[in-house]
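Note that this is a predicted model, so its numbers are computed, not measured. Order of appearance sets the numbers: ligands from 1, and atoms from 1 within every ligand. For this chain, numbers begin at 1 and follow the sequence in order.
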Amino acid sequence: MLAIIGGSGLTQLANLEVTRRQVVRTPYGEPSGALTFGTIRKTEVIFLARHGYGHTIPPHEVNYRANIWALHSQRATDVVSVASVGGIRADLGPGTLIVPDQIIDYTWNRMSTFYSSSDHSVTHIDFTFPYCEQLRQRLLGAAAAAGEEIVSGGTYAATQGPRLETAAEINRLERDGADIVGMTGMPEAALAREIGLCYAAIAVVVNYAAGRGASAGGVKLEDINAVSQQAMARVRSLLETLVMLDGD
Ligand code: HPA
């Protein structure tokens with residue numbers, strides 16, 4: 001079953017026919033909210049708002065472990081993460097949709113593994129390719145079928161937040177090879193890999209990163225909402241196409 005984790009701007013799925021909501025208890029504490037079960041075009045999906053349904057949980061306080069564990073416990077097999085990002089590369093301006101293929105993790109002090117020392121021997125996972133390629137291809141196929149332009153591949157830099165970056169930090173991220181920057185991509189992707197979920201992301205560029213393009217003089221937060229609303233409408237129809245193609 002497909003699960004969708006919605007980020008800022010996607011706390012609800014308008015095209016989801018809700019059948020039930022379920023509070024899931026986990027060994028890692030509370031998920032961001034009750035899981036919403038419903039159907040899109042008669043196919044069952046699970047939805048979870050990463051920042052809570054009232055958008056009250058900041059990126060560094062999201063309980064990523066509880067969220068991923070809860071989805072897995074309810075028999076999700078695939079997870080599409082929708083996440084707002086800043087565009088570092090000049091061609092990745094506001095409104096661009098990207099299916100990234102790499103991650104660099106700059107976050108710190110987050111609970112980032114299910115393998116704590118008390119109950120496991122030391123365990124490593126392969127994370128060479130952090131996203132599930134099969135789900136990436138399904139997303140790209142859905143975009144093509146929906147006539148939606150989408151960029152395939154790119155490196156997502158996960159920063160700690162909740163503040164935005166300095167211009168110098170963005171320059172450093174670019175030198176490191178990052179194309180987009182967001183605050184929630186990690187440890188979510190690694191936890192999904194640890195627990196065996198096929199995980200991919202749709203990154204939605206809602207602003208130029210600090211010091212770049214229209215953000216040369218600073219990021220204008222007041223402009224983000226309108227971009228996000230428009231882009232998330234496109235994401236919703238892309239997800240609908242994804243589910244429809246899966247159902248065929
Ligand atoms: N930086 C980090 N996270 C973000 C940004 C950004 O510029 N825009 C949206 N999420």
Side-chain angles (χ1 to χ4, degrees), residues 4-12 32 48-52 54-64 67 80-110 112 130-131 150-151 153-190 199-236 238:
I4 297 161
I5 302 180
S8 302
L10 197 73
T11 50
Q12 284 178 358
S32 297
L48 175 63
R50 182 185 288 114
H51 301 286
H55 202 268
T56 51
I57 310 169
H60 62 293
E61 287 178 12
V62 170
N63 190 339
Y64 296 96
N67 287 352
V80 172
S81 150
V82 181
S84 300
V85 297
I88 299 177
R89 236 167 61 195
D91 61 317
L92 302 179
T96 309
L97 305 184
I98 308 169
V99 180
D101 63 351
Q102 278 297 334
I103 299 174
I104 304 176
D105 187 7
Y106 300 92
T107 65
W108 45 272
N109 208 24
R110 297 184 181 189
S112 57
Y131 297 107
I150 199 158
V151 176
T155 297
Y156 176 111
T159 55
Q160 176 69 2
R163 68 165 176 84
L164 294 169
E165 299 72 34
T166 67
E169 285 170 338
I170 293 300
N171 290 340
R172 171 193 171 207
L173 297 187
E174 183 170 56
R175 286 195 301 275
D176 284 356
D179 302 302
I180 51 179
V181 54
M183 301 172 188
T184 56
M186 285 293 284
E188 201 172 80
Y199 176 99
I202 305 172
V204 181
V205 179
V206 294
N207 59 279
Y208 269 111
R212 300 298 168 98
S215 302
V219 179
K220 295 187 192 71
L221 296 169
E222 63 277 17
D223 293 349
I224 288 181
N225 219 357
V227 177
S228 172
Q229 269 186 19
Q230 279 197 358
M232 291 304 171
R234 288 159 53 213
V235 169
R236 280 190 194 98
L238 199 157

Sequence neighbours excluded, every pair satisfying side chain to side chain donor-acceptor pair (under 3.5 Å) that has a member inside residues 200-216: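 Side chain to side chain donor-acceptor pair (under 3.5 Å) check on residues 200-216 returns Asn171-Arg212, Glu174-Arg212.
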Flag side-chain contact, heavy atom, 4.5 Å: Met183 against Leu164: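 Yes, at least one pair of side-chain atoms sits under 4.5 Å.
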Shortest non-hydrogen contact between Ser8 and Ser228, atoms and distance: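 Of all heavy-atom pairs spanning Ser8 and Ser228, the closest is O-OG, 4.2 Å.
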Under 4.0 Å from ligand 1, counting heavy atoms only: the protein residues, by chain and number: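 Near ligand 1, by chain and number: Ser84, Val85, Gly86, Leu164, Glu165, Val181, Gly182, Met183, Val206, Asn207.
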Donor-acceptor contact present, side-chain [X] to main-chain [Y], <3.5 Å:
X      : Y      : result
Arg234 : Gly95  : yes
His51  : Ile57  : yes
Arg110 : Met186 : yes

